[in-house]
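Remarks on the structure that follows.
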Amino acid sequence: AERKAEAAERKAEAAERKAEAREAARKAAEALKLRREQEKQLELLRRQAAQWEAEKAEFDRELEMVAKQWETAKKQQSLLMLQLSQHSAGGARLSRTVQF
């Protein structure tokens, strides 16, 4: 009877270890699945970041082009204002000459 009890106890302990091993394997499989999902999400985020960087670079190029156009327009405006003032001054001299 004592041997049967010991054998039953060993059998129960083996079943408990087997159940613990199954639980550990299940948890490891869940952790692996979660890690794979996280890696996929990380890759998607990396791709999105690369796309945003490319869009930002394009925007920066366009912004630089607009800034150059703005500077060119300001220079042209200054030249036109200078020509207008010279023309107005020349016209005023001419009108004074005609008056005399």
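Worth knowing before you read on, the calculation uses all heavy atoms, side chains too, and leaves out hydrogens, waters and symmetry mates. Just so it is clear, the structure is predicted and the values come from calculations on it, not from any experiment.
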side-chain contact (heavy atoms from CB on, under 4.5 Å) against Leu45, all qualifying residues, sequence neighbours excluded: none
Output a table of donor-acceptor pairs, distance under 3.5 Å, between side-chain atoms of residues 70-78 and any protein atom two or more places apart or on a different chain; print 'none' if there are none.
{"residue": "Thr72", "atom": "OG1", "partner": "Lys68", "partner atom": "O", "Å": "3.0"}
{"residue": "Ser78", "atom": "OG", "partner": "Lys74", "partner atom": "O", "Å": "3.1"}

Say you draw a straight line from NZ of Lys27 to CD of Glu23; how long is it, rounded to the nearest 0.5 Å? 5.0 Å
Set of residues satisfying salt bridge (Lys or Arg N to Asp or Glu O under 4.0 Å) with respect to Glu58, sequence neighbours excluded: Arg61
In residues 12-20, what donor-acceptor pairs under 3.5 Å come from side-chain atoms, sequence neighbours left out?
none

Residues forming a side-chain contact (heavy atoms from CB on, under 4.5 Å) with Arg36, sequence neighbours excluded: Leu32
Excluding sequence neighbours, so at least two apart, what forms salt bridge (Lys or Arg N to Asp or Glu O under 4.0 Å) with Glu30? Arg26
Would you compute the distance between atom CD of Gln41 and atom CD of Glu39 and round it to the nearest 0.5 angstrom? 11.0 Å
Would you say the side-chain atoms of Glu55 and Gln51 include a donor-acceptor pair closer than 3.5 Å? yes
